[in-house]
Amino acid sequence: MRIVIVGEDAGRAGEFEESLGYFDLGWDVHWLTEADAALSLTEVDVVLCGMRVGAVPGPALLSQMSSLHPQAVRVLLLDQGEDSSMLQGLDCAHRLLSRPLDAGELIEAVDSVAELRNVLGSEELKQAVGRVGSLPPPPRLYLELSRLLRDPDASNAAIAQMLSQDPAIVAKVLRLCNSAYFSGGREITDIRAAVTRLGHQQLLRLVLASEAFGPTQLAGKEREAIQDRALRTSRLARRLLAGPSAELAATAGLLAEVGKLLPGVSDGSEGSTGPHYAEAGAYLLGLWGLPMPIVEGVAFQHRPGRLKASGFWVAGAVHVAASLVAGAPLDEGYLRSVNVLDRLPQWRDMVEPSAAQAA
């Protein structure tokens with residue numbers, strides 16, 4: 001791994017590299033002070049910079065690096081209290097980390113990228129996703145909310161307060177909460193009541209859906225159709241597994257078609273070109289830092305039997321749920337091999353109608 005850190009305090013380089021040295025990673029770390037020095041490099045795996053590198057805006061530098069090194073992972077370093085409205089436009093970065101840069105956080109981020117490339121190692125895929133001029137921004141609020149929910153003492157009031165920092169997300173969550181999918185017959189008019197009704201995991205997925213399916217190149221009706229299928233797939237996938245695996249399947253099902261929001265990907269139809277949307281979407285999720293079972297569930301949703309893991313797990317649940325919701329063929333040979341084919345009639349009965357049918 002060739003790691004390039006641009007514009008940070010060079011005085012910390014020795015201390016930082018000493019921290020990395022404890023882990024014996026064998027990384028090649030370059031600590032540069034000028035943007036021009038980064039642009040002259042011939043090989044980069046990961047590039048990190050702050051909001052400004054001298055007179056150069058950090059996002060502009062990352063955009064230039066994406067043209068020169070489309071396969072490189074781009075990380076933006078943010079100070080505490082960075083204006084949240086500014087973050088919404090940071091579509092040049094794959095990952096956001098806090099300043100001052102922490103060695104442990106960087107190791108976790110880079111390790112996840114290495115694991116991702118082992119699972120989805122196609123050079124065409126890395127280049128194609130890297131060349132996307134405007135990536136959907138990392139789901140910032142989802143990641144912040146995930147961290148908050150790890151605290152067993154987190155209150156619904158604290159959760160509501162965090163969500164309230166983004167009125168657009170509040171509006172979308174309330175809209176979904178009052179939809180035919182989640183409505184319990186009583187209108188929900190405030191975010192705190194939505195937190196109580198939905199529960200933490202369901203709320204987390206709705207926030208993720210709101211951020212992941214934000215403004216895209218797709219027309220409104222097409223985007224709404226994808227989001228409708230996403231919600232139905234998520235709810236069905238959750239019912240096919242038990243315990244924590246159910247939550248992983250629900251999130252992977254929610255994001256099964258997120259790759260269709262990227263330009264230049266194949267929709268899977270005959271004659272379409274570019275990386276398949278399932279693999280492209282999974283690669284993007286991996287760059288965002290989502291757990292590997294979710295990444296694999298999205299990547300192998302059409303061919304779960306190609307995963308090395310045996311048994312019926314996240315990828316299998318997403319395959320069944322996404323296929324049944326879309327009315328697509330199922331891999332019955334795979335289902336037979338993992339001893340669940342006899343459950344297929346029961347699963348078919350669980351499929352919910354689309355939002356248009358429910359209305």
Side-chain angles (χ1 to χ4, degrees), residues 50-51 59 75-102 104-105 108-109 112 135-179 181-184 186-215 227 230-231 234-235 238 244 246-248 250-255 258 284-285 287-291 294:
M51 283 297 296
V75 180
L76 193 64
L77 303 174
L78 298 171
D79 290 313
Q80 292 298 320
E82 202 89 58
D83 183 3
S84 61
S85 64
M86 188 187 304
L87 299 183
Q88 298 300 320
L90 300 181
D91 54 7
C92 60
H94 298 127
R95 193 76 63 90
L96 305 176
L97 293 180
S98 298
R99 298 168 75 181
L101 182 60
D102 178 78
E105 289 185 359
E108 182 180 352
S112 71
L135 282 171
R140 178 187 58 82
L141 196 58
Y142 165 80
L143 296 172
E144 289 182 7
L145 186 58
S146 297
R147 285 193 289 270
L148 177 62
L149 292 179
R150 293 192 194 109
D151 180 357
D153 297 324
S155 66
N156 285 352
I159 295 168
Q161 183 178 8
M162 173 176 282
L163 293 176
S164 296
Q165 66 183 277
D166 191 329
I169 291 291
V170 171
K172 291 176 183 177
V173 169
L174 289 176
R175 178 184 175 191
L176 289 169
C177 191
N178 285 297
S179 70
Y181 293 116
F182 304 106
S183 175
R186 181 173 65 86
E187 187 178 28
I188 295 296
T189 59
D190 67 273
I191 193 64
R192 214 167 152 179
V195 173
T196 302
R197 168 177 287 185
L198 295 170
H200 293 172
Q201 291 302 317
Q202 190 72 267
L203 177 69
L204 196 60
R205 282 192 290 276
L206 287 185
V207 170
L208 181 57
S210 296
E211 293 192 288
F213 296 101
Q227 188 166 3
L231 291 170
S234 175
R235 287 165 67 87
R238 187 182 187 280
E247 303 301 339
L248 290 171
T251 302
L254 181 73
L255 299 168
V258 74
L284 176 63
L285 298 179
L287 294 176
W288 280 354
L290 269 65
I294 293 173

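Just so it is clear, the structure is predicted and the values come from calculations on it, not from any experiment.
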Could you measure the distance from the [atom1] atom of [X] to the [atom2] atom of [Y]? Nearest 0.5 Å is fine.
X	Y	atom1	atom2	answer
Gln202	Leu231	CD	CG	8.5 Å
Glu247	Ile294	CD	CD1	10.0 Å
Leu254	Leu208	CG	CG	5.5 Å
Thr251	Arg238	OG1	CZ	10.0 Å
Met162	Leu148	CE	CG	4.5 Å
Leu145	Leu204	CG	CG	5.0 Å

Ser234 side chain vs Ala230 backbone, donor-acceptor pair below 3.5 Å: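 No; zero donor-acceptor contacts below 3.5 Å.
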My understanding is that only residues two or more places apart in sequence, or in another chain, count here; which of them pass side chain to side chain contact (heavy atoms under 4.5 Å, CB included) with [X]?
X	result
Asp153	Asp151
Gln161	none
Ala158	Ser155

Leu149 and Leu203, any side-chain heavy atoms less than 4.5 Å apart: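 Sidechains of Leu149 and Leu203: no contact.
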